[in-house]
Amino acid sequence: MIDVLYFAWVRERIGLPRERVETRAGTVAGLVEELRAREDRYAAAFADLSALRVAVDQELADFDAPLDGVHEVAFFPPMTGG
Amino acid sequence: MAIRVQAEPFDLGAEADTFAAAQADAGAIVTFTGVVRDLPGGGLDRMEIEHYPGMTERALGRIAADAMARWDLSDTLIIHRHGAMRAGDLIMMVATAARHRKDAFEAAEFLMDYLKSRAPFWKKEHGAAGGDWVAARDEDEDALERW
């Protein structure tokens, strides 16, 4: 089980800020495929991966990052701090 | 090296004074402050800033540590707010202290460039027409290349 977190419009589109997910995926991209297959709201949020960023255990990562031993994966749009 | 992520407003003058007073060896202190900009023509009801608790502090800590390693700095300060703000409110500030001003200026710019696109904050502007997430700008990403 891993914690999956959503921020900004990804959170709004999916309709929740975080959830526990049982996954067999080996990578972030595999997890995205599983989520997309769930419901339309997930498919809509993950329609264009170039518009999304991912963090694995609170570190920015790529979509091909492995999920071995990972506790937390977060999806969000490009950041706009400052 | 202090990092503060908070919902409460901060007092720019008091923060700058406290930071400056603690720098015995510095010959230069630079501060930068980000302010909530109104929408073109006015009409911003509020800006809401969301962040990723935990990752935010880690990302800011790393950015500050990178600046300390790269320039001859005696100290850095980053304060960034989250939650609801109005036009004119202070969003964030950075301060750098160094023996010489070039290090202090460059490090402050470096902190700002990285903070804009590598720290997990997201801004949403609420106006008469509803809310819009502020889109990241290509220039902000490109700005990282100079470092």
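Every chain is numbered from 1, with letters handed out A, B, ... down the list of sequences. Here the structure is a predicted model, which is why all the values come from computation and not from measurement.
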Quick one: of E72(A), E59(A), Q58(A), who has the most non-hydrogen atom pairs under 4.5 Å with chain B?
Q58(A)

With heavy-atom distances below 4.5 Å as the criterion, would you say the side chains of V28(A) and L67(A) are in contact?
yes

If you take all heavy atoms of V5(B) and E57(B), which pair is closest and at what distance?
CB-OE2, 3.8 Å

Give the member of E141(B), H82(B), M112(B), R62(B) that has the highest number of heavy-atom pairs under 4.5 Å with chain A.
R62(B)

Taking the six-membered ring for Trp and the full ring for Phe, Tyr or His, determine whether the centres of W71(B) and F110(B) are under 6.0 Å apart.
yes

Pair count under 4.5 Å, heavy atoms only, with chain A: among G54(B), A59(B), G131(B), highest is G54(B)

Please check if the number of heavy atoms outside D11(B) that lie under 6.0 Å from its CG is greater than 12.
yes

What part of R11(A) gets closer than 4.5 Å to chain B, counting heavy atoms only: side chain, backbone, both or neither?
side chain

A55(A) versus chain B, the contacting section by heavy-atom distance below 4.5 Å:
side chain

Top residue by heavy-atom pair count (under 4.5 Å) with chain A, among K116(B), E48(B), H80(B)?
K116(B)

Under 4.0 Å between a side-chain nitrogen and a carboxylate oxygen: does that hold for D132(B) and K124(B)?
no

Salt bridge present between R86(B) and D89(B) (N-O < 4.0 angstrom)
no

For L115(B), is it the side chain, the backbone, both or neither that has a heavy atom under 4.5 Å from a heavy atom of chain A?
both

